[in-house]
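These notes are about the structure you will find just below.
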Amino acid sequence: MYASKAPDRFLEVHKASAVPLNLTNGTLPMLDNSLRPLVSFFVSAFADANSPSYPTVVAFVWSFSSAIQLPLVEALRDQGSAMPRHWLNTFAARALSHPMLWGILYQRLSGGWIIPLWLFFFLYSSSRSSAAAVPRAKAESALVGWWLGHTLPALVMLIPNQPLLCAVPIWVAFPILMSVFQRGFLLVRQHVLPDWMREGKSGYLPLQFTYASAMIASFMGHVHVVL
């Protein structure tokens, strides 16, 4: 990304936009400098619905959601049921349990080496090798976090006939949003839902529904490009 000068090109395209490049308006210079190319890229991509590349952008958003679900779900596996054979197994399992951090690294440093690094930890994770289960409550939180933290904010940017973007799209912060909604759901589930609704231990059905919803959304994105 840096070798191709891609961030500089994003900034050039964004110069005519009314969207501020700096998220904190100079209050946190390090954060502004870190995320400025990312903000510029998404504003440039979504600002013109009449652009020939816009249908591809739409397909990317929906298809990319499938890739987001894998680290989101693997982070939920029960660490207690895993039987580590080596310190690397334990370290890898713990590293996978922080999907928000992986999402931020992906945004900042690109998937060119973040995805292979994640796959390395995935292969050596004790939770994966022991087929550790995903509890039902955590599985439900993944579904809620994916929809409210990623998919619905992305959908808002794709509503037809919107005025050109004049603010930083909230979807950029989806790794943080998904984590916040997950934790919020678990808190509500624990203290608000009646006991009979909290029964059941298997997360199989919620996870299957999460995967199915991503597949349907991705399919609709591809149909949109074709049409």
Side-chain angles (χ1 to χ4, degrees), residues 1-2 30-31 34-35 38 60 62-151 171-191 193 198-215 217-218:
M1 183 173 180
Y2 282 101
M30 183 177 296
L31 182 63
S34 175
L35 296 181
L38 181 68
F60 165 77
W62 294 121
S63 300
F64 185 62
S65 63
S66 300
I68 292 173
Q69 285 187 354
L70 182 59
L72 186 67
V73 168
E74 289 301 321
L76 305 177
R77 294 197 181 277
D78 188 1
Q79 304 296 325
S81 64
M83 298 296 292
R85 295 166 295 176
H86 191 267
W87 67 268
L88 180 58
N89 303 130
T90 303
F91 179 77
R94 291 178 179 175
L96 295 182
S97 65
H98 302 285
M100 181 176 71
L101 178 61
W102 287 100
I104 294 174
L105 290 175
Y106 180 97
Q107 288 181 323
R108 182 64 188 121
L109 303 173
S110 85
W113 67 277
I114 292 301
I115 290 180
L117 185 61
W118 185 91
L119 289 172
F120 173 81
F121 285 118
F122 174 73
L123 290 174
Y124 283 95
S125 170
S126 55
S127 299
R128 180 205 60 81
S129 60
S130 64
V134 176
R136 178 178 174 179
K138 290 185 177 181
E140 292 173 353
S141 75
L143 177 63
V144 172
W146 181 75
W147 271 103
L148 298 185
H150 169 271
T151 306
W171 184 76
V172 170
F174 73 82
I176 300 175
L177 293 176
M178 288 194 300
S179 179
V180 169
F181 280 114
Q182 278 187 279
R183 294 180 182 274
F185 171 81
L186 290 174
L187 185 64
V188 171
R189 192 183 191 278
Q190 180 180 359
H191 296 287
L193 295 182
R198 294 201 295 263
E199 294 178 355
K201 297 181 179 180
S202 175
Y204 178 79
L205 289 179
L207 291 183
Q208 291 300 306
F209 187 76
T210 302
Y211 287 137
S213 61
M215 183 189 70
S218 179

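The shown structure was predicted, so the numbers you read here are calculated from the model rather than taken from an experiment.
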Y211, OH: over 12 other non-hydrogen atoms inside 6.0 angstrom: yes

As an exercise, state the distance from CD1 of I114 to CD1 of I104, rounded to the nearest 0.5 Å. 11.5 Å

So which heavy atom on V73 is nearest to which on V134, and how close? O-CG2, 4.3 Å

State, to 0.1 Å, how close M178 and W146 come at their nearest heavy-atom pair, and which atoms those are. SD-CA, 4.1 Å

Please round to the nearest 0.5 Å and tell me the distance separating atom CG of L123 and atom CH2 of W118. 9.0 Å

Where the side chain of S141 meets the backbone of F185, is there a donor-acceptor pair that is under 3.5 Å apart? no

To the nearest 0.5 angstrom, please state how far the CG atom of L207 sits from the CZ atom of R136. 11.5 Å

Between F120 and Y124, how do the two ring planes meet: parallel, tilted or perpendicular, split at 30° and 60°? tilted

Looking at S179 and I176, would you say the former's side chain and the latter's main chain have a donor-acceptor pair under 3.5 Å? no

Got L72 and H150 here, is their nearest side-chain heavy-atom distance under 4.5 Å? no

If you compare all heavy atoms of R189 against all heavy atoms of A137, which two are closest, and at what distance to 0.1 Å? NH1-CB, 3.6 Å

Is any side-chain heavy atom of Y106 less than 4.5 Å from a side-chain heavy atom of P71? no

Heavy atoms, side chains only, cut-off 4.5 Å: are Q182 and L76 in contact? yes

Provide the closest heavy-atom pair for S126 versus A93 in the form atom of the first, atom of the second, distance. OG-CB, 3.8 Å

Ring centroids only, cut at 6.0 angstrom: are W102 and F121 within range, meaning strictly under it? yes

Between the CG atom in L101 and the CG atom in L96, the distance rounded to the nearest 0.5 Å is 11.5 Å

Side-chain contact test, heavy atoms from C-beta onward, threshold under 4.5 Å: evaluate it for F209 versus L205 and give yes or no. no

Spacing of T151 atom OG1 and I68 atom CD1 [to the nearest 0.5 Å]: 7.5 Å

Which pair of heavy atoms, one from A214 and one from Q69, lies closest together, and at what distance? CB-NE2, 3.2 Å

Between S125 (side chain) and F122 (backbone), is there a donor-acceptor pair under 3.5 Å? no

